[in-house]
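Letters A, B, ... mirror the listed sequences (proteins, then strands); counts begin at 1.
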2 protein chains.
Amino acid sequence: MGIDLAVSTVIFAIRPASDPAERGILSIPLVRRTREPFAGRWSLPGGAADEAEGLADTAARKLYETTQLAPAYLEQLYAFGDTDRSWSGRVVSVVYWALVRAELAEQAAEGENVRWFPADELPELAFDHNRIVEYALWRLRNKLEYSRIAQAFLGETFTLTQLRHVHEIVRQVSLDPANFRRQIESSPAVVATDEVVSGGRHRPPRLYRYDTTVQLADNGPLG
Amino acid sequence: MGIDLAVSTVIFAIRPASDPAERGILSIPLVRRTREPFAGRWSLPGGAADEAEGLADTAARKLYETTQLAPAYLEQLYAFGDTDRSWSGRVVSVVYWALVRAELAEQAAEGENVRWFPADELPELAFDHNRIVEYALWRLRNKLEYSRIAQAFLGETFTLTQLRHVHEIVRQVSLDPANFRRQIESSPAVVATDEVVSGGRHRPPRLYRYDTTVQLADNGPLG
DNA sequence: TCAGTAAGAGTCACAATGACTAGAACAGAG
DNA sequence: CTCTGTTCTAGTCATTGTGACTCTTACTGA
């Protein structure tokens, strides 16, 4: 009876690769379902919407409860409401997507029921979650090109090479370092600090920092 | 108890202006509320989600029932779910936005409870509908620049001047006719027919047609 | 026949971008 | 200490897309 309203989140982070030649792998944490339908299958973290809480707040809370992660960026993805997307009654899912810093994601505990998967090598998930992740991936890759959200994968300060690696890993391309530098430095939202990273094996790169008065993405009137 | 799920739609069409110097006005049909809360106020057409129907289907149906319009383009805008957006219990609204052909919108019946308003001269609406329309407008103006949805305001065939007027009216800019032509003709999705519009006061312009195998907008995996 | 207006083709300068070159600055091997 | 390999960083060059602008063509109505 009635329509159930759920809130789920597709969480992205860049995790270290087993092969050290790769710079990292775009990954997604999934939770194993303990109940029918789809018991045993992996699925997106989430749950029923809370009556006393905004949708984004519910997304952030569920996200934290299941993975202990705090997102650096959170945005609504889509409301999935096809009639046949669940086996047990009608469910409308308001899905969010989130970006988590690599540093945090590394510490994150994995367990029997929570595990990280490479974003484009997912198993068969519960419900229509494969399709949802596919759409989230598309949005992430698009938005990376015309906004500043790449920063959300990194920390307060970062080198241009780190920022370039984020783009290369997520968008699965290889970018010319010199051209990438030119483009980033043309934006006033990125400021060079006078610090450098010492201790590396090569010429010490300069640290950059995002102007915190500039928001990561322009979502119009929604802020 | 429980969260009510509603579906509403922001409908756009270009309607003739009273001043013949203007080419048209971007307009939105609104319906007058007959019940509390906000009885007498104008609001977006919509209603409760139907358990047996997809969200987009509900949006299109409600849209047709209240305005007798069939949209040429329909896309989900956002799920609004703040806790304080309704006076009567918690309501989550999945909002769509739609484009209707000018030809259809002209025929559309206005009545005591349905009326068209210029998109940026709206009265104070019920609930948070002013904010919703503002966001829909922002999305429309953005999307017009990087997709082919402008065509949805027109008919099967159209002149380049008509298409340019759509851009000028919606984006509130004035565009150079020659540059606009160059840009449109560089896209393979627009094909020139060998027909022309005769009977005008000036040199008869050629009719163009959109390649129907190309979709109006690229919404990724959602199609 | 002329004036006014829009269609349609073309030119020019400038900005953004991809491909590429080259010097500077480091660590570690010899 | 010197050499080598790598990366950081600053440049050049050619191509492309775009805004501003000019000019000719084709029509109607005065």
Round to the nearest Å and state the distance from B/R164 atom CZ to D/dT18 atom C1'. 17 Å
Nearest heavy atom decides the nucleotide; on that basis, is A/N179 or A/G200 closer to the 5' end of DNA chain C? A/N179
For A/R182, report the nucleic acid contact type (base, sugar-phosphate, nothing); a contact means any heavy atom under 4.0 Å. base
Interatomic distance, B/F180 CZ vs C/dA9 P [rounded to whole Å]: 15 Å
What nucleotide among D/dT9, C/dA7, D/dC21 has an atom nearest to a side-chain atom of A/P205? D/dT9
Indicate yes or no: does B/E53 engage B/R61 in a salt bridge with an N to O separation below 4.0 Å. yes
Let me know the distance between CZ of B/R181 and P of C/dA6, rounded to the nearest Å. 14 Å
Closer than 4.0 Å, any side-chain N/O of B/R201 to the OP1 or OP2 of D/dC27? no
Presence of salt bridge, B/R32 and B/E112, under 4.0 angstrom: yes
Would you indicate whether the side-chain heavy atoms of B/F80 and B/I132 approach each other to under 4.5 Å? yes
How would you label the contact of A/T161 with the nucleic acid (heavy atoms, under 4.0 Å): base, sugar-phosphate, or nothing? sugar-phosphate
OP1 or OP2 of D/dG17 less than 4.0 angstrom from a side-chain nitrogen or oxygen of B/S186, does that happen here? no
Rounded interatomic separation in angstrom, taking CG from A/L175 and P from D/dC8: 14 Å
Pair of N/O donor and acceptor under 3.5 Å linking D/dC8 base with A/R203 side chain: yes
Starting from P on C/dG8, measure out to CD on B/Q183 and report it in whole angstrom. 17 Å
Between B/Y135 and B/W138, what is the ring plane arrangement, given parallel below 30°, perpendicular above 60°, and tilted in between? parallel
Using a cut-off of 4.0 Å on non-hydrogen atoms, how would the nucleic acid contact of B/T159 be classed: base, sugar-phosphate, or nothing? nothing
Length of the NE2-P vector between B/H202 and C/dC2, whole Å: 20 Å
To the nearest Å, give me how far apart CG (A/L163) and P (D/dC8) are. 13 Å
Can you tell whether the side chains of A/R141 and A/D120 come within less than 4.0 Å, N to carboxylate O? yes
note: A/E185, atom CD; C/dT17, atom C1'; distance rounded to Å ~ 16 Å
